[in-house]
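Take a look at the structure set out below.
Just follow the structure's listing: the first ligand is 1, and inside any ligand the first atom is 1. Side chains included, hydrogens not; waters and symmetry mates left out as well; all remaining heavy atoms used.
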Amino acid sequence: MHAQPMNDALTLHTLDVEAIRNDFPILKQESDPRLIYLDSAATSQTPDCVVNAMDEYYRTYNANIHRGIYRISEEATARYEEARKKIARFINARRSSQIVFTRNTTESINLVAYSWGSANIREGDEILVTVMEHHSNLLPWQLLAQRTGAKLRFIEITEEGLLQLDDLDRLLTERTRIVAMTHVSNVLGTINPIQDITAAAHAVGAKVLIDAAQSVPHLPVDVQQMDCDFLAFSGHKMCGPTGIGVLYGKLDLLEEMPPFLVGGSTIRSVQREHSIYADPPAKFEAGTPSIAEAIGLGAAVDYLRKVGLEAIYAHEHELLEYAHQKLSDIEGLTIYGPKPRQKTGAISLNLDGIHPHDLAGVLDVSGVAIRAGHHCAQPLMQQYDVIATARASFYLYNTLEEIDRLYDGLLTAKKIFTRRRR
Ligand code: 7TS
């Protein structure tokens with residue numbers, strides 16, 4: 001166990017970060033300079049227990065699922081379905097049949113926009129999103145709107161990077177069919193007040209899809225408490241493997257929805273001209289799924305539960321407080337987004353006169369891995385009138401000392417580029 005109770009009533013746990021780092025082979029690798037990984041919002045590192053769970057599948061019971069009547073196929077099926085149950089418990093879904101395995105958040109959202117969207121959206125209907133969406137939670141709705149003649153509407157943000165909720169009453173009308181929004185911004189780290197927005201959306205009869213790619217890995221998420229209709233997230237941002245994602249949905253909605261991708265595994269019976277589809281989740285899991293990856297994600301969920309999501313959230317909060325304080329004394333540095341208490345995970349910044357790609361390049365020389373670019377959130381970049389930002393993002397294995405290295409790297413970049421301009 002890595003979490004230790006503390007006396008402070010607000011901080012429930014603290015993490016034994018050294019013990020955690022020991023669980024991640026990539027962080028133990030000898031290299032010069034040492035890797036300072038500050039890009040977990042793009043993808044997280046993978047602990048031994050996840051690698052081992054996948055290794056064990058390939059070495060000892062590699063078989064297809066839901067079809068073999070021999071021992072290793074039955075074992076693979078049992079472990080795959082056990083992973084589904086673990087994930088259901090992790091987000092407090094009522095039943096494991098509400099958990100559909102997909103490839104990633106992007107596929108989960110496309111599934112809903114295509115399947116639920118095609119059955120429920122008509123010309124004149126409205127789809128409400130926010131300007132801080134990742135492209136994965138914008139483009140599927142753009143296509144749906146173009147296909148059906150529906151209209152996209154946007155919740156704007158304040159200068160500070162919070163949603164402008166004063167507009168909500170005006171934006172949510174009887175024409176609104178769905179609100180599709182991110183729980184946590186991948187650029188600003190803003191945590192949005194999902195429960196309030198969900199209640200307001202339901203009051204006008206709209207459904208709610210939550211893009212939880214940046215929240216499920218970092219803070220406790222309870223789908224029953226949120227009362228969202230759909231929730232999408234990716235395994236690879238929560239210590240799991242790539243190639244596995246999740247769509248949670250309310251059961252009545254999943255039951256009513258037409259299939260998205262079809263083929264093997266999705267059916268009850270097939271005639272020449274038509275077919276009867278299986279119940280969810282099988283209806284939405286066409287073809288051989290990512291078996292090892294689902295089992296790996298199950299192991300990741302065990303790992304995160306053992307460490308504790310409250311403890312992870314509190315640890316990241318401490319890192320963010322420290323980073324905000326330390327970096328803000330660098331002259332010419334702009335930090336985008338709200339204060340640490342309203343966000344998690346990420347800090348987006350620009351340093352006057354230096355392109356974010358150059359910043360990331362200089363940091364890389366000292367082993368510090370950050371992301372620079374538009375972060376697949378171009379409408380948000382347009383809002384801040386920038387084409388890109390540099391983003392450092394944190395997770396359970398990061399330390400205060402790594403933030404010092406980020407700080408040193410930013411100062412080095414400043415020196416290099418100031419000298420060049422003279
Ligand atoms: N939604 C949000 C909020 C995200 O941050 C991302 C990925 C996605 C959806 C898409 O996830 P995928 O697993 O389907 O690719 N975000 C990032 C990022 O910020 N940097 O690289 C990927």
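Taking atom 2 (C) of ligand 1 as the reference point, the nearest protein heavy-atom neighbour is Asp211 OD2, 3.4 Å. In this structure, atom 19 (O) of ligand 1 lies nearest to the protein heavy atom Arg391 NH1, 2.6 Å. Of the protein's heavy atoms, Thr106 OG1, 2.5 Å lies nearest to atom 14 (O) of ligand 1. The single protein non-hydrogen atom nearest to atom 4 (C) of ligand 1 is His134 CD2, 3.4 Å, given as residue, atom name and distance. Gln214 NE2, 2.7 Å is the protein heavy atom nearest to atom 5 (O) of ligand 1. If you check which protein heavy atom lies closest to atom 16 (N) of ligand 1, you get Lys237 NZ, 2.9 Å.
For Arg371, every heavy-atom contact with ligand 1 shorter than 4.0 Å involves the side chain, none the backbone. Residue Ala42 touches ligand 1 through backbone and side chain together, judged by heavy-atom distances below 4.0 Å.
Each of the atoms 5 (O), 18 (C), 19 (O) of ligand 1 lies under 4.0 Å from some heavy atom of Asn186. Less than 4.0 angstrom separates some heavy atom of Ser234 from each of these atoms of ligand 1: 11 (O), 12 (P), 13 (O), 14 (O). The contact set between ligand 1 and Thr105, taken as ligand atoms under 4.0 Å from a residue heavy atom, comprises 9 (C), 11 (O), 14 (O).
For the pair Leu38/Arg371, no side-chain contact is recorded, criterion being any heavy-atom separation below 4.5 Å from C-beta on.
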Review point. Which is it for Leu406 and Leu410 under the side chain to side chain contact (heavy atoms under 4.5 Å, CB included) test, yes or no, and what are the steps along the way?
Key: CA-CA 6 Å; Leu406 169 67; Leu410 291 171; 4.3 Å; yes

Check your understanding: Is there a side chain to side chain donor-acceptor pair (under 3.5 Å) between Thr389 and His375 once you walk through the steps?
Key -> CA-CA 8 Å; Thr389 71; His375 313 293; 2.8 Å; yes

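Ligand 1 is never approached by Glu107 to a heavy-atom distance shorter than 4.0 Å. The closest approach between any non-hydrogen atom of Cys376 and ligand 1 is not below 4.0 Å.
Judged by distance alone, the side chain of Gln98 and the main-chain N or O of Arg95 form a donor-acceptor pair under 3.5 Å.
Ring planes of Tyr395 and His218: tilted class, angle from 30 to 60°. In this structure, Phe260 and Tyr114 have tilted ring planes: the angle between them lies in the 30° to 60° band. Aromatic ring orientation, Trp116 versus Phe230: perpendicular (interplanar angle above 60°, classes split at 30° and 60°). Between Tyr397 and Tyr37, the angle of the ring planes lies from 30° to 60°, which puts this pair in the tilted group.
Taking distance alone, with nitrogen or oxygen atoms compared against 3.5 Å, Thr182 stays at or beyond that limit from ligand 1. Residue Ser136 has no N or O atom closer than 3.5 Å to an N or O atom of ligand 1. Considering backbone and side-chain atoms alike, His375 places every N or O at 3.5 Å or more from each N or O of ligand 1.
At least one cation-pi condition fails for Lys283 and Tyr277: the charged atom is not both under 6.0 angstrom from the six-membered ring centre and inside a 45 degree cone around its axis.
Looking only at atom types and distance, the side chain of Thr102 has a donor-acceptor partner in the side chain of Ser108 under 3.5 Å away.
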